[in-house]
Amino acid sequence: MIVRFGYVAMSTIVEKASPSRTMTVTSFNKLQDREAGLRKLERLAAENLHNSLRLLKHNRAHDIVVFRFSSKLIPLIGHESVEGWNPMPVLADDFKAVGDYVKQHQMRVSFHPDHFTVLSTPRESVLQSSIGDIERHTAMLEAMGLNTDAKSNIHIGGAYGDKVTASKRFVEHFALLRPEVRARLTLENDDKTFTALETLEVCEQVGVPMVLDIHHDEVNLSEQTSVELWPRILKTWEQDAPLPPKIHVSSPKNETNPRSHADYVDPVGLLAFMRGIAPFTPHLDVMIEAKMKDSALIQLVQDLINETDVEQIDEASISIKT
DNA sequence: ACCTGTCAAGTCTGG
DNA sequence: CCAGACTTGACAGGT
């Protein structure tokens, strides 16, 4: 099994390269000249895109081809204070430059709209802002000129006291999305509410790939283990072949905060999972969610190649012998 | 240069 | 009905 590793949004190695510079709503609203404020937001967005491209170049130097963009590339977008503002035309060249680099080096990129995007909600206003958020993430991937291999990953959402009803509502609301938007979504099990099995069942119903988070799975257990579920999870990726299935990995910060992310990734649990699925999984992409970002990625690969059944391919990928 | 309180959004719990 | 926790990088305002 060939395994490629990626990390999220920002680097702990490259300095002064934040992809999520912003402005508070309070300071935006304090400005007497709204248009000047919008131009400032556009400059911040361009800077965030420029820094994202710098990170991709850094990734290339370290053989890292899997990467998640920050969901805060365009500051304040979606907030009522900037209603009517469309920065996409002025940012078109910057988005295209990022997308061109991704395509040139055959990278796999994604977004992860944050937890305010909740399709299981019973509230119409929350649904509308969630759909708007997903639409904007789709628009950014389209502005990069990327095909539907570039996806946004979301969670099912809240349970509202009744998970079965909530997941049914998710399925109904999912059907409201445009087909082009649906084709760019993946669903991930969360750490509190929807387990891997429950998420998988929704994935099968709506026909989207499932991103398995093995840390979430450990703190929010399914009736079956992640390795037992894996054949079904693999099936959800078949429609996107040859795009490899993707998982998330992180380690608990400590015993009192088992759900929080630690600085680095403990290789033990990940190794056990990978060995379990390697015999029937040719390719796997692993997104590392650790505080130390790309440093944690490099450290994890170093830790893994000490194992006798692991071979290093390059700085950010390995193969596991079966 | 460095420190600290605050910050758009949603959900859940507890009062 | 409302406040606080959750969680996290970055701002804003201060020294």
Novice: Is the shortest side-chain N to carboxylate O distance from A:Asp133 to A:Arg136 below 4.0 Å?
Specialist: yes
Novice: Between A:Glu47 and A:Arg43 (salt bridge meaning N to carboxylate O under 4.0 Å), is one present in this structure?
Specialist: no
Novice: Transitively linked via ILVMFWY side-chain contacts under 4.5 Å: A:Leu185 with A:Ile247?
Specialist: no
Novice: Using a cut-off of strictly less than 4.0 Å between a heavy atom of the residue and any atom of DNA chain C, enumerate the qualifying residues of residues 156-176 of chain A by number.
Specialist: none
Novice: Sticking with atom P, work out how far B:dC3 lies from C:dT7, rounded to a whole angstrom.
Specialist: 25 Å
Novice: I'd like the 5' and 3' limits of the part of DNA chain B contacted by chain A, with heavy-atom contacts below 4.0 Å.
Specialist: B:dA8 to B:dC12
Novice: Do side-chain atoms of A:Arg4 reach the backbone of A:Asp285 as a donor and acceptor pair under 3.5 angstrom?
Specialist: no
Novice: For the P atoms, the ones on C:dC1 and on B:dA8, what distance do you get once it is rounded to whole angstrom?
Specialist: 24 Å
Novice: Tell me, which stems hold DNA chain C, with a stem being 3 or more Watson-Crick or G-U pairs in a row and both distances under 3.5 Å?
Specialist: B:1-7 with C:9-15, B:10-15 with C:1-6
Novice: About how many Å separate CG of A:Leu76 and CE of A:Met23, when rounded to the nearest 0.5 Å?
Specialist: 7.5 Å
Novice: Rounded to whole angstrom, note down the P distance from C:dG4 over to B:dT6.
Specialist: 12 Å
Novice: Using a strict threshold of under 4.0 Å (side-chain N to carboxylate O), is an ion pair present between A:Glu135 and A:Arg178?
Specialist: yes
Novice: Spell out protein contact along nucleotides 1-6 of chain C as letters: B when the base is contacted, S when just the sugar-phosphate is, - when no protein heavy atom is under 4.0 Å; keep the 5' to 3' order.
Specialist: ------
Novice: Expressed as a whole number of Å, how far does the C1' atom of C:dT8 sit from that of B:dA1?
Specialist: 23 Å
Novice: Can you tell me if A:Lys291 touches the phosphate of C:dT8, counting only side-chain N or O atoms and a distance under 4.0 Å to OP1 or OP2?
Specialist: yes
Novice: Any residue in residues 8-32 of chain A with a heavy atom nearer than 4.0 angstrom to DNA chain C? Just list them by number, or reply none.
Specialist: A:Met10, A:Ser18, A:Ser20, A:Arg21, A:Thr22, A:Met23, A:Thr24, A:Ser27, A:Lys30
Novice: List in chain and number order the residues that pass salt bridge (Lys or Arg N to Asp or Glu O under 4.0 Å) with A:Asp63, two or more places apart in sequence or in another chain; answer none if no residue qualifies.
Specialist: none
Novice: How far, in whole Å, is C:dG9 from B:dC12 if one measures between their C1' atoms?
Specialist: 24 Å
Novice: Establish whether A:Tyr101 and A:Val14 are linked, either directly or via other cluster members, by ILVMFWY side-chain heavy-atom contacts under 4.5 Å.
Specialist: yes
Novice: Does A:Asp133 reach a base, just sugar-phosphate, or nothing at all? Heavy atoms under 4.0 Å.
Specialist: nothing
Novice: Measure the shortest side-chain to side-chain distance between A:Leu243 and A:Lys151 over non-hydrogen atoms and say whether it is less than 4.5 angstrom.
Specialist: yes
Novice: Is the ring pair A:Phe69/A:Phe111 parallel, tilted or perpendicular, if the boundaries are 30 and 60 degrees?
Specialist: tilted
Novice: Between A:Glu238 and A:Lys235, is the closest basic N to carboxylate O distance under 4.0 Å?
Specialist: yes
Novice: Contact class for A:Thr117 (heavy atom, under 4.0 Å): base, sugar-phosphate, or nothing?
Specialist: nothing
Novice: Could you tell me whether A:Lys253 contacts a base, only the sugar-phosphate backbone, or nothing, with contacts defined as non-hydrogen atoms closer than 4.0 Å?
Specialist: nothing
Novice: Could you check how far CG of A:Asn51 sits from P of C:dA10, rounded to whole Å?
Specialist: 10 Å
Novice: Should the heavy atoms of other residues, nucleotides or ligands under 6.0 Å from NZ of A:Lys293 be counted, would the total exceed 12?
Specialist: yes
Novice: Go through the steps to decide whether A:Ser18 and A:Asn48 satisfy the test side chain to side chain donor-acceptor pair (under 3.5 Å), and finish with yes or no.
Specialist: CA-CA 7 Å; A:Ser18 170; A:Asn48 290 338; 4.8 Å; no
Novice: Could you give the distance from CD (A:Gln104) to CG (A:Leu56), rounded to the nearest 0.5 Å?
Specialist: 11.0 Å
Novice: Okay, side chain of A:Ser317, backbone of A:Ile313: is any donor-acceptor separation there less than 3.5 Å?
Specialist: no
Novice: Mind checking if A:Ile77 touches a base, just sugar-phosphate, or nothing, with heavy atoms under 4.0 Å?
Specialist: base
Novice: Contact between A:Ser250 and A:His261 at the side-chain level, heavy atoms closer than 4.5 Å - yes or no?
Specialist: yes
